[in-house]
*Asks:* 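Following this message is one structure expressed as structure tokens.
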Amino acid sequence: EVQIAESGGGLVQAGGSLRLSCAASGFTFDAIAISWFRQAPGKEREGVSCIASSDDSTYYADSVKGRFTISSDNAKNTVYLQMNNLKPEDTAVYYCAVDADWRSNCHYAPDYYGMDYWGKGTLVTVSS
């Protein structure tokens, strides 16, 4: 059974840090690509970061480059998103999504329609 569970969201002041976790079970973890998307109120869901096991590629949106770091612990079937120097505009629900195609890479922004499975999301609120 496929299960995806995000955790680690919360309320933080601007300039602070959070680490999100995405625990994904029911997959061959070293044969998938995992992405983080976020959706702020009234805005479209956007791809923030991605990590692919096919070639160890990673992707970061320009808005988070240099502040967020994605990593994977295959032994724990978990992907992390370390978020530093958070800004109020980072406030959103953050979703973890899995592309189960082993050939997928993260050379480009993750495609919302290319994801096979989604978590329920975790809320990140950054106060000014």
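None of these values were measured; they are calculated from a predicted model. Starting from 1, each residue takes its place in the sequence as its number.
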*Asks:* Looking only at non-hydrogen atoms, find the nearest pair between A33 and S104 and report the distance.
*Replies:*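 Reported closest heavy-atom pair: CB-CB, 4.1 Å.
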*Asks:* Would F37 and V93 count as a side chain to side chain contact (heavy atoms under 4.5 Å, CB included) here? Give the steps.
*Replies:* CA-CA 8 Å; F37 288 78; V93 177; over 6 Å; no
*Asks:* Taking side chain to side chain contact (heavy atoms under 4.5 Å, CB included) as the test, write out the residues that go with Q3, two or more places apart.
*Replies:*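 Partners of Q3 under the side chain to side chain contact (heavy atoms under 4.5 Å, CB included) test: E1, S25.
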*Asks:* Checking side chain to side chain contact (heavy atoms under 4.5 Å, CB included) for the pair D116/V2: CA distance, chi angles, key distance, verdict?
*Replies:* CA-CA 10 Å; D116 296 301; V2 169; over 6 Å; no
*Asks:* For the CG atom of D111 and the OG atom of S35, what is their distance to the nearest 0.5 Å?
*Replies:*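 The OG atom of S35 is 9.5 Å from CG of D111, to the nearest 0.5 Å.
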*Asks:* Would V48 end up clustered with V124 when hydrophobic side chains under 4.5 Å apart are linked, directly or stepwise?
*Replies:*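 The answer is yes; both residues are in one hydrophobic cluster.
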*Asks:* Do N77 and F27 come close enough that some side-chain heavy atom pair is under 4.5 Å?
*Replies:*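 SC-SC contact between N77 and F27 ruled out.
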*Asks:* With a 4.5 Å cut-off on side-chain heavy-atom distances among I, L, V, M, F, W and Y, is there a chain of contacts connecting Y80 to L86?
*Replies:*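 Hydrophobic grouping puts Y80 apart from L86.
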*Asks:* Can you name the residues that form a salt bridge (charged side-chain N to carboxylate O under 4.0 Å, His left out) with R45, not counting sequence neighbours?
*Replies:*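 With sequence neighbours excluded, R45 shows a salt bridge (charged side-chain N to carboxylate O under 4.0 Å, His left out) to no residue whatsoever.
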*Asks:* Can you name the residues that form a side chain to side chain contact (heavy atoms under 4.5 Å, CB included) with A23, not counting sequence neighbours?
*Replies:*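 If we apply the side chain to side chain contact (heavy atoms under 4.5 Å, CB included) test to A23, skipping adjacent residues, the hits are T78.
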*Asks:* Should L20 and F68 be counted in the same cluster of Ile, Leu, Val, Met, Phe, Trp and Tyr side chains packed under 4.5 Å apart?
*Replies:*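 They do share one cluster, since a chain of ILVMFWY contacts under 4.5 Å joins L20 to F68.
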*Asks:* Could you list all the side chain to side chain donor-acceptor pair (under 3.5 Å) pairs where at least one residue sits in residues 5-22, not counting sequence neighbours?
*Replies:*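 Every side chain to side chain donor-acceptor pair (under 3.5 Å) pair that includes a residue of residues 5-22, provided the two are not neighbours, is S17-N84.
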*Asks:* Restricting to pairs with a member in residues 89-116, which pass ring-ring contact (aromatic ring centres under 6.0 Å, His included), not counting sequence neighbours?
*Replies:*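 Those involving residues 89-116 are Y112-W118.
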*Asks:* Can you find a side-chain donor-acceptor pair between S57 and N105 that sits under 3.5 Å?
*Replies:*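 Short answer, no.
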*Asks:* Who pairs with D90 by salt bridge (charged side-chain N to carboxylate O under 4.0 Å, His left out), at least two apart in sequence or on another chain?
*Replies:*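 Counting only residues at least two positions away or on another chain, D90 forms a salt bridge (charged side-chain N to carboxylate O under 4.0 Å, His left out) with R38, R67.
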*Asks:* Which residue pairs pass the disulfide (SG to SG under 2.5 Å) test with at least one member in residues 61-128, sequence neighbours excluded?
*Replies:*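 Counting only pairs at least two positions apart or across chains, the disulfide (SG to SG under 2.5 Å) contacts touching residues 61-128 are C22-C96, C50-C106.
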*Asks:* Is any side-chain heavy atom of Q82 closer than 4.5 Å to one of S71?
*Replies:*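 They are not in contact (no side-chain heavy atoms under 4.5 Å apart), so the answer is no.
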*Asks:* Please enumerate all residues that pass side chain to side chain contact (heavy atoms under 4.5 Å, CB included) together with K65, with sequence neighbours excluded.
*Replies:*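 Applying side chain to side chain contact (heavy atoms under 4.5 Å, CB included) to K65 gives Y60, D62.
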*Asks:* Do you know which two heavy atoms are closest between L81 and S49, and how far apart they sit?
*Replies:*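 For L81 versus S49, the nearest heavy atoms are CD1-CB, 4.0 Å.
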*Asks:* Using salt bridge (charged side-chain N to carboxylate O under 4.0 Å, His left out) as the criterion, list what pairs up with D101, not counting sequence neighbours.
*Replies:*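 With neighbours one apart ignored, the set is R103.
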*Asks:* Quick one: are I34 and S72 in side-chain contact, heavy atoms under 4.5 Å?
*Replies:*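 They are not in side-chain contact.
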*Asks:* With T125, which residues qualify under side chain to side chain donor-acceptor pair (under 3.5 Å), at least two apart?
*Replies:*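 Here no residue qualifies.
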*Asks:* Connecting only ILVMFWY residues whose side-chain heavy atoms lie within less than 4.5 Å of each other, what is the rest of L11's hydrophobic cluster?
*Replies:*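 Members besides L11: none; it forms no cluster.
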*Asks:* Atom CD1 in I51, atom CD1 in I32: separation rounded to 0.5 Å?
*Replies:*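 Between I51 CD1 and I32 CD1, I get 10.5 Å after rounding to 0.5 Å.
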*Asks:* Report the residues that fulfil side chain to side chain contact (heavy atoms under 4.5 Å, CB included) with A14, sequence neighbours left out, ordered by chain and then residue number.
*Replies:*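 With sequence neighbours excluded, A14 shows a side chain to side chain contact (heavy atoms under 4.5 Å, CB included) to P88, V126, given in chain and number order.
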